[in-house]
Amino acid sequence: MLSNFKDYLSGLLLDAVNQLGTINADVNIEIARTKQAEHGDYSCNLAMQLAKAMRKNPREIATLLVEAMPSSPYVQKIEIAGAGFINFFIKNSAKQACLSVVLQQGMAYGVSDFGENKNIQVEFVSANPTGPLHVGHGRGAAFGASLANVLSMAGFSVEREYYVNDAGRQMDILAVSTWLRYLALNNIQVPFPENAYQGEYVKVMARLIHEAHVDRYVHQPEQLFDGLTDPLAKSINTDEELDQLIANAKLILGQDYAYIHNFVLTEQLGDCRNDLMEFGVTFDTWFSEQSLFDNGLVAHAMQLLEEKQCLYRQDGAVWFRSTDFGDEKDRVVQRENGQYTYFASDIAYHLNKFERDFETVINIWGADHHGYIPRVKAALQALELNPEKLKIALVQFAVLYRDGKKASMSTRSGEFVTLRELREEVGNDAARFFYVMRKSDQHLDFDLDLAKSRSNENPVYYVQYAHARICSVLKQWDDDVAKLMNADVSLLTHVSELTIMQRLIDFPDTIVVAAQEFSPHLIAFYLRELASEFHSYYNSTHFLVSDIPLMEARLMLIAAVQFVLKNGLKLLGVSAPEKM
RNA sequence: GUGCCCGUAGCUCAAUUGGAUAGAGCACCAGCCUUCUAAGCUGGGGGUUACAGGUUCGAUCCCUGUCGGGCACGCCA
């Protein structure tokens, strides 16, 4: 059978255009699926596009095109309708032929070579390892993982990467927060800063250190409050005070600071990795920000910018001339105190990404980072790298609703809902599916009660249920799908059957579009529609009938549906249960 | 204040990127289990696509303006 009707039909039309000759217009032949059955299976608006250039009525052009088109064994008829649409009706036999293809290819059905095996990197989640992942990260995780799967199936060679922010101030705050909690366990009471990490997990880490090393890391904290404006203050709550506290802690702890720092990093990163793994989200590379400093890549990137005269000094800091490349203001890369900014390491990181020979680099960011895009692209331009190779997919916030009201979240206060809690509450399947049900640039209202409900309100179960039903029917028959390979598919002529077959044919194309548009939500919608058409078919038609050829044909159809459902769910990281 | 995103059925969202009569789910109403899983199916009502202009064969989509909502505007990450 044909692997791609759209390409095939546009080929026919291209022949027709060439036949007619002397059309000096940009021909962009686009074949679209129709929405209504009266319009056939596929339609093309080429005649309308050509109307102006050819100075003719679109319907007239359409007629010429159709007449010039070579005849096809797959096309039942061609109609000209409306303003000049060319509508194609595909023969039943051509649709029926898809079933053996699906069964033959099995879980490989839907794989295409659209991506031409090009290297593509998807960097996602990349949350600071300073605490548990929350529901906001969950959306990035689900979206990124699904997108990576979709890209892979569409023929790209995909690398999944997590950028670990293990070098910054936030890590220091976490280390000190943990140490202060640890001191408290050793009965040394010091005020706990308001802007330190308040979460319970910090106390848990302190307890682990305490259990393993008892008072090994207790250092008398007399100098802890040196340099603070009010040493007797019961509370510390400005950034300056916290930074001073960190500096003091580093001094007091000496060599031991590295242990604390490393311990909390390892602990949090491990927790994060496990959390994601349980969520079905895995990475090929965990890229350390610290390694950029250790390997001199940050200094190297700065040197390159310096050579290209894109840096200057002002007020003791080093600035990058991002305004030269379209940014609204110049940005500091090295602070007055000699510390590089996060932006500096990010420039080095992106330089490194580009040196790793990817055709395309995709960053998945929270939508609150949109203002950050121009400066990163500016840096790429300054380094004479093609900013077009970097694609940024922004993911809007997920707002959690429980009992109709918002669940708040704030990392510092420790009041957020963690991804782990969410997964425990609604299950991995529902969480993965709900996260990608919406277009990524759309705010997501995550209704916990709906995700939990085991009823018709829940789209996850709807799709899974279709799969389980098919498994059940096949089990009651023989369960050997291989025996169906030669079923007489010409017996499947009912509208509901042809509709399902057309849907199956759409699957590979849906994946390509989802890959092109970075829109895994299309897969979720596709699955709901396929499931819906199946449920409807199930209720109207009995499969295990005494007419053996008819039974086998119908079973072949639902077996094909089973494969595609399973395959689509797998793309989204959702399980396909055999019974429910 | 400036920039980016968004505004579609009572609610949550689609709409093949400019196509034909704007579609689903939930909620609501009325039906369907002695037969392969009722976590299902069938039917019904529900819309000036925020508003006003513009561009063209054709606009939810592109342009301008207004109103409303979100986010970002650090020598934070």
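Lettering of chains follows the sequences in order, A, B, ..., and the numbering in each one begins at 1.
- No hydrogens or angles were tested; on distance alone, nothing pairs the side chain of A:His370 with the base of B:C5 as donor and acceptor under 3.5 Å.
- Base pairing annotation: B:U42 forms a Watson-Crick or G-U wobble pair with B:A30, both donor-acceptor distances under 3.5 Å.
- In the set B:A77, B:U37, B:C75, B:A77 carries the atom at the smallest distance from any side-chain atom of A:Asn128.
- Rounding to whole angstrom units, NE2 of residue A:His369 and C1' of B:C76 are separated by 10 Å.
- Looking at A:Phe287 and A:Leu292, their side chains come closer than 4.5 Å, going by heavy atoms from C-beta outward.
- Comparing atom distances between the A:Ser536 side chain and each of B:U35, B:C41, B:A20 picks out B:C41 as nearest.
- At B:A38, one or more side-chain N or O atoms of A:Arg469 fall inside 4.0 Å of OP1 or OP2 (strictly under the cut-off).
- Judged by a 6.0 Å distance limit and a 45° cone about the ring axis, A:Arg33 is positioned over the six-membered ring of A:Tyr42.
- Mapping A:Cys44 and A:Asn165 onto RNA chain B by nearest heavy atom places A:Cys44 closer to the 5' end of the strand.
- Side-chain to base pairing of A:Glu517 with B:U17: one donor and one acceptor N or O lie within less than 3.5 Å of each other.
- Between the side chain of A:Asp368 and the base of B:A77, no donor-acceptor pair of N or O atoms lies under 3.5 Å.
- Following rounding to the nearest Å, A:Leu46 (CG) and B:C57 (P) show an atom-to-atom distance of 16 Å.
- The phosphate of B:C75 has neither OP1 nor OP2 within less than 4.0 Å of any side-chain N or O from A:Arg313.
- At least one donor-acceptor pair closer than 3.5 Å links the side chain of A:Trp319 to the backbone N or O of A:Gln314.
- The aromatic ring of A:Phe525 is not stacked on the base of B:A24, since the criterion of ring centres less than 5.5 Å apart with planes inclined by under 30° is not met.
- Comparing the same atom, C1', in B:G43 and in B:G7 gives a spacing of 33 Å after rounding to whole Å.
- Taking every side-chain heavy atom of A:Lys329 into account, B:G74 is the closest of B:G74, B:U16, B:C5.
- The partner of B:A15, taking Watson-Crick or G-U wobble pairs whose two distances both stay under 3.5 Å, does not exist in any strand shown.
- The partner of B:G65, taking Watson-Crick or G-U wobble pairs whose two distances both stay under 3.5 Å, is B:C51.
- Without hydrogens or angle criteria, A:Thr178 side chain to A:Leu174 main chain gives a donor-acceptor distance under 3.5 Å.
- One interatomic measurement links the two molecules: CH2 of A:Trp365 to P of B:A72, which rounds to 15 Å at whole-angstrom precision.
- The main-chain N or O of A:Leu390 is found under 3.5 Å from a side-chain atom of A:Lys377 such that the two form a donor-acceptor pair.
- Within the structure, every side-chain polar atom (N or O) of A:Arg375 is placed at least 4.0 Å from both OP1 and OP2 of B:C73.
- When the nucleotides B:A77, B:U21, B:C75 are ranked by their closest atom to the side chain of A:Tyr372, B:A77 comes out on top.
- Distance alone, capped at 3.5 Å, is enough to place a donor-acceptor pair between the A:Ser288 side chain and the A:Ser291 backbone.
- Both geometric conditions, a ring-centre gap below 5.5 Å and a plane tilt below 30°, are fulfilled for A:His39 over the base of B:A20.
- A donor-acceptor distance shorter than 3.5 angstrom exists from the side chain of A:Ser10 to the backbone of A:Lys6, with no hydrogens or angles considered.
- The side chain of A:Glu30 lies closest to B:U17 when the candidates are B:A14, B:A20, B:U17.
- In this structure, of B:A77, B:U37, B:C41, it is B:C41 that holds the atom nearest to the side chain of A:His535.
- Residue side chain A:His542 meets the stacking definition with respect to B:C36: its ring centre sits within less than 5.5 angstrom of the base's six-membered ring centre, and the planes differ by less than 30 degrees.
- Heavy-atom nearest nucleotides on RNA chain B were determined for A:Ile86 and for A:Gly316, and the one closer to the 5' end corresponds to A:Ile86.
- B:C73 has its base anti relative to the sugar, with a glycosidic angle deviating from 0 by more than 90°.
- Base pairing analysis places B:U2 opposite B:A72; the two distances defining the Watson-Crick or G-U wobble pair are each below 3.5 Å.
- Comparing B:A72, B:A77, B:A24 by their nearest atom to the side chain of A:Arg528 picks out B:A24.
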